[in-house]
Amino acid sequence: MDVFYGLRFLLGVAEAGFFPGVLLYFTQWLPDSSRGRASAIFLGGSATAYIVTGPITGALLELHGAGGIAGWRWMFALEGAFSILVGFIAGFFLVSRIQDAKWLTQEEKDALSEAVARDKEVRDRAPSVSRMKLIFHPQVAVLTAVFFAMALTGYAITFWLPSLVEEIGGLSPFQIGLLSAIPWICAVIAMYTMSHFTDRAPDRRPYLAIALVLSATGTFLATLGSPWFGLAALTLAAVGGKCAATLFWPMAQSGLDLKIAAPGLALVNSIGNLGGFVSPTLFGYLKDTTGSTNGGLYTLSAASILAVLGVAFVRHTHRGERPGSGRGEIAAVTGKPAVGEAR
């Protein structure tokens, strides 16, 4: 067991820089007017993973005993091997700079570079902050608090959803996985639909507040009614949570000075993701103490509402161009959507 915990810790260390690195990667490839949709595509990967891995994990668990190997070992071995393969292949396709993109013409590269440069100029006007003082930076602190509250609810849905579905009764692990995929299917559809509109909005904060309210409402409603009603309520919570994440990260990218964007995003992500530890721990404690999951769900609903209040203090940075103009200029040159160009 100690080895298991040690390996899980090392996995967390390896993952720590991935997410903020991708967000920084977006700032170097896309103008602000397109990063909302790009973030939706990227974050949609995690939601899609829940859709796919739910049934697959259920099927792999049913291999329990095959070859004298436990089902959970089959699951970790096969899903881990696939992740390693994808990471190895990605190394041959990702490039660091727009000018290195072989799938773009020179005219397309120039148009995209100019749009990104305009956003960079706007962010460069902001005063720089010492990295040593980064943890005390007001904007970093607010973003961290909001993301922490979002992580609390998001991880609770991830961990508690299969248990709630199991309460329906009479289901195999594979069927539980299929039903557990429903909230994430709805979340992916909502994310892509919403990002198409919010990328054109001059201010994403009202939309983020609405998404957090949906998350809180769904989490609260999950305490009422039957397991089937709870599944519908958690679907609403998943939609709100994933849409909130899609809105949050473009705001964090544009709200931080470019000079501290990379360490700032890393700090927000690392501290905020402690919600992944606090959420199941708090949820389990309240369940053991009260004999019900309701206390944990009420607490997570309150966290989402507090995050709504925090959104009001997130700095709004006016874009360096009319909303949508960067996307339009790139599309005029390339004849295809801006997000698609940079992929």
Side-chain angles (χ1 to χ4, degrees), residues 19-20 22-27 29-44 46-47 115-116 118-120 122-123 125-126 138-151 153-154 187-217 237-258 261 264-265 268-269 272 304-328 330 337-339 342:
F19 190 75
V22 171
L23 296 180
L24 180 63
Y25 194 73
F26 284 166
T27 64
W29 277 83
L30 294 168
D32 184 62
S33 58
S34 294
R35 284 203 299 272
R37 286 185 296 160
S39 296
I41 293 172
F42 174 63
L43 294 170
S46 62
V116 172
R118 281 194 295 272
D119 279 347
K120 180 179 180 297
V122 172
R123 293 195 301 272
R125 298 189 192 116
Q139 204 52 213
V140 173
V142 169
L143 291 169
T144 301
V146 172
F147 182 57
F148 180 83
M150 290 166 54
T153 304
V188 169
I189 295 172
M191 286 167 61
Y192 292 151
T193 302
M194 180 208 63
S195 64
H196 176 74
F197 295 100
T198 56
D199 265 353
R200 303 174 181 176
D203 189 353
R204 293 186 176 101
R205 290 178 299 179
Y207 298 95
L208 176 57
I210 292 171
L212 289 171
V213 169
L214 287 178
S215 180
T217 302
V239 167
K242 284 297 180 182
C243 286
T246 303
L247 291 160
F248 175 82
W249 288 110
M251 285 175 52
Q253 291 170 319
S254 59
L256 292 176
D257 172 27
L258 189 64
L265 292 173
V268 171
N269 182 62
S304 292
I305 294 300
L306 290 175
V308 174
L309 300 178
V311 169
F313 295 95
V314 174
R315 185 176 71 184
H316 171 55
T317 301
H318 293 283
R319 304 179 184 181
E321 58 200 30
R322 179 173 50 84
S325 63
R327 179 172 59 249
I330 298 171
V339 172

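Nothing fancy with the numbering, it's 1 onward along the sequence.
- Taking S304 as the reference, T153 meet the side chain to side chain donor-acceptor pair (under 3.5 Å) condition, with sequence neighbours excluded.
- Among all heavy-atom pairs drawn from A244 and A211, the shortest one is N-CB, 3.7 Å.
- Contacts of A141 classified as side chain to side chain contact (heavy atoms under 4.5 Å, CB included), with partners at least two apart in sequence or in another chain: none.
- In this structure the side chain of K242 never reaches within 4.5 angstrom of the side chain of V188, judged on heavy atoms.
- Expressed to the nearest 0.5 Å, how far CE of M191 lies from SG of C243 amounts to 7.0 Å.
- In this structure F248 satisfies the ring pair (Phe, Tyr, Trp, His ring centres under 6.0 Å) test together with F147, sequence neighbours excluded.
- Nearest heavy atoms, S215 versus G241: CB-N, 3.9 Å.
- Partner of Y207 under the side-chain contact (heavy atoms from CB on, under 4.5 Å) criterion, out of V311, L212, L247, T246: L247 alone.
- Under the side chain to side chain contact (heavy atoms under 4.5 Å, CB included) criterion, A245 pairs with L43, M150, not counting sequence neighbours.
- For I305, the side chain to side chain contact (heavy atoms under 4.5 Å, CB included) criterion is met by A216, not counting sequence neighbours.
- When every heavy atom of V116 is checked against every heavy atom of P31, the shortest pair comes out as CG2-N, 3.9 Å.
- Closest heavy-atom contact between R205 and A312: NH1-O, 4.1 Å.
- Residues passing the ring pair (Phe, Tyr, Trp, His ring centres under 6.0 Å) test with F313: none are found, sequence neighbours excluded.
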